[in-house]
Number of protein chains: 2
Amino acid sequence: MDRRQEILEAAAKSFSLFGYKATTMDQVAKIANVGKGTIYTFFANKEELFNAIVLQMVEEMRAASDAATVEGASFEQNAHARLMQMLKFRETHQLYAKLIDEGKELRTPAVIEVLAEIEDEIVSYIKTKIERAIDKGELKPCDSELVAFLLFKSYMALVVDWGKTHQDEELSEERIAGLLRSTIFTSLLA
Amino acid sequence: MDRRQEILEAAAKSFSLFGYKATTMDQVAKIANVGKGTIYTFFANKEELFNAIVLQMVEEMRAASDAATVEGASFEQNAHARLMQMLKFRETHQLYAKLIDEGKELRTPAVIEVLAEIEDEIVSYIKTKIERAIDKGELKPCDSELVAFLLFKSYMALVVDWGKTHQDEELSEERIAGLLRSTIFTSLLA
DNA sequence: AGATGACCAAAATTGTTTTTCGGTCAATAA
DNA sequence: TTATTGACCGAAAAACAATTTTGGTCATCT
């Protein structure tokens with residue numbers, strides 16, 4: 001068997017279960033059935049191992065988001081589906097949920113950093129989708145970077161933040177879709 | 001002189017300078033030139049004294065925001081001016097800046113709570129402005145609560161969050177105004 | 001009757017000891 | 001020769017103990 005793969009799987013399991021800080025290299029070595037030193041022949045240090053795992057997760061998210069896309073549907077429909085899909089990952093995906101919690105509670109720097117990178121990744125993913133829609137003539141030209149940022153932040157606010165100020169009553173997906181349709185999305189149409 | 005007023009001024013000074021946690025009741029008593037026990041004849045405890053000070057600040061903000069309003073200007077212009085005004089308070093107003101920092105770094109619960117209340121206050125202030133504009137026929141009917149929330153979060157994202165992911169290069173006010181004009185604001189017009 | 005500051009328990013801070021953990025590398029195995 | 005290992009190390013964290021600070025009270029004094 002591939003030792004590198006064994007290590008990746010063990011690390012993914014441990015980070016998902018215990019988070020970054022509470023995962024020890026001894027722990028990972030034991031789960032992977034390798035000596036601790038072996039890990040360091042594949043990964044320079046704990047943080048690089050962690051980054052590798054997170055990269056895997058980002059790919060999973062991208063795949064899930066692409067899967068939520070409907071060929072031939074409007075930009076609005078697809079953008080909505082993709083953003084909702086990615087935001088659901090925050091609660092659904094064990095590792096993601098764990099990292100969000102650890103970032104908030106423990107303030108682990110490596111985790112905070114990686115969470116910011118994930119969000120950047122999402123924004124630039126949205127940005128490419130906007131640019132493609134502009135090329136197709138579906139949207140009118142705009143500052144795609146800013147619009148992607150605004151869209152992401154808006155969804156975050158409605159999906160994640162709203163519940164915190166309104167006794168955890170989360171907004172229905174329909175209400176979110178309706179609000180954004182009548183504000184941001186229509187303005188973007190060509 | 002009014003002992004209650006002396007205490008309020010002393011507390012405002014101390015909270016602004018040192019934050020909530022690092023302000024002691026002995027400190028406030030000394031600055032106000034009263035015995036510590038006297039404070040407790042006017043305020044039930046430290047947190048109530050704190051709330052009284054924050055309430056003063058919220059009034060100041062509301063006044064500053066109203067002052068930024070131009071009679072006869074469009075909803076967009078006034079909403080923009082008011083929101084920018086309130087968001088500038090975050091850096092400008094010594095107490096507000098101190099509290100934001102303390103909430104983030106120290107995590108003082110009383111501070112976090114009060115910061116959330118301030119934001120709620122801002123959102124409901126925007127909400128009333130939206131409703132008034134709808135009544136005047138300037139805006140078409142909408143879910144004023146949600147729109148107010150979205151507007152506030154959008155401004156927060158552009159003014160406060162953008163710099164964090166883009167090496168602290170903050171967006172120009174003109175760029176912010178332009179983006180929101182071409183997305184949210186135009187959609188709201190009647 | 002209003003104001004005060006010495007006083008108290010609880011909480012925070014500081015100081016000390018013990019344990020844990022990331023990373024290395026000489027020894028070992030293949 | 002090359003890949004793997006786990007005992008070992010210093011630094012950092014956790015656990016624990018000792019000390020100080022602080023919000024709040026109340027008997028005393030204007």
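Bear in mind the structure is a predicted one, so any value in this text is a computation, not a measurement.
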Taking [atom1] from [X] and [atom2] from [N], how many angstroms apart are they, rounded to a whole number?
{"X": "A:R4", "N": "D:dT4", "atom1": "CZ", "atom2": "P", "value": "13 Å"}
{"X": "B:K30", "N": "D:dG23", "atom1": "NZ", "atom2": "P", "value": "14 Å"}
{"X": "A:F43", "N": "D:dA3", "atom1": "CZ", "atom2": "C1'", "value": "16 Å"}
{"X": "B:Y40", "N": "D:dG24", "atom1": "OH", "atom2": "P", "value": "4 Å"}
{"X": "B:M25", "N": "D:dT25", "atom1": "CE", "atom2": "P", "value": "10 Å"}
{"X": "A:F18", "N": "C:dG22", "atom1": "CZ", "atom2": "P", "value": "13 Å"}
{"X": "A:N45", "N": "C:dC21", "atom1": "CG", "atom2": "C1'", "value": "14 Å"}

Under 4.0 Å between a side-chain nitrogen and a carboxylate oxygen: does that hold for B:K88 and B:E173?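 Here B:K88 pairs with B:E173 in a salt bridge, since their nearest N and O are under 4.0 Å apart.
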
B:E102 with B:K21: basic N within carboxylate O range, under 4.0 Å: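 Looking at B:E102 and B:K21, the cut-off is not met.
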
Might you confirm whether atom NZ of B:K104 has over 12 heavy atoms from other residues, nucleotides or ligands at distances under 6.0 Å?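 No, the 6.0 Å shell around NZ holds no more than 12 heavy atoms from other groups.
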
Would you check if [X] and [Y] make a side-chain contact, meaning some heavy-atom pair closer than 4.5 Å?
{"X": "A:D161", "Y": "B:K153", "value": "yes"}
{"X": "B:Y20", "Y": "B:V114", "value": "no"}
{"X": "B:L87", "Y": "B:F152", "value": "yes"}

Can you pull every protein N or O that's under 3.5 Å from an N or O on nucleotides 11-16 of chain D?
| from | atom 1 | to | atom 2 | distance (Å) |
| --- | --- | --- | --- | --- |
| D:dA14 | OP1 | A:K21 | NZ | 3.1 |

Distance-only check: which donor-acceptor pairs under 3.5 Å involve side-chain atoms of residues 25-42 of chain B, not counting sequence neighbours?
| from | atom 1 | to | atom 2 | distance (Å) |
| --- | --- | --- | --- | --- |
| B:T38 | OG1 | B:G35 | O | 3.3 |
| B:T41 | OG1 | B:T38 | O | 2.6 |

Report the distance from atom CZ of B:F75 to atom CZ of B:F185, rounding to the nearest 0.5 Å.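 Atom-to-atom, B:F75:CZ and B:F185:CZ are 6.0 Å apart.
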
B:D143 and A:R175: which non-hydrogen atoms are nearest, and at how many Å?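 Where B:D143 meets A:R175 most closely, the heavy atoms are OD2-NH2, 2.8 Å.
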
So if I define the base as every atom that isn't primed, P, OP1 or OP2, how would nucleotides 1-8 of chain C read as a B/S/- string at a heavy-atom cutoff under 4.0 Å? --SBB---

Taking only the side-chain heavy atoms of A:K46 (C-beta and beyond), determine which of D:dT22, C:dG23, D:dG24 contains the nearest atom.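 Shortest atom-to-atom distance from the side chain points to C:dG23.
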
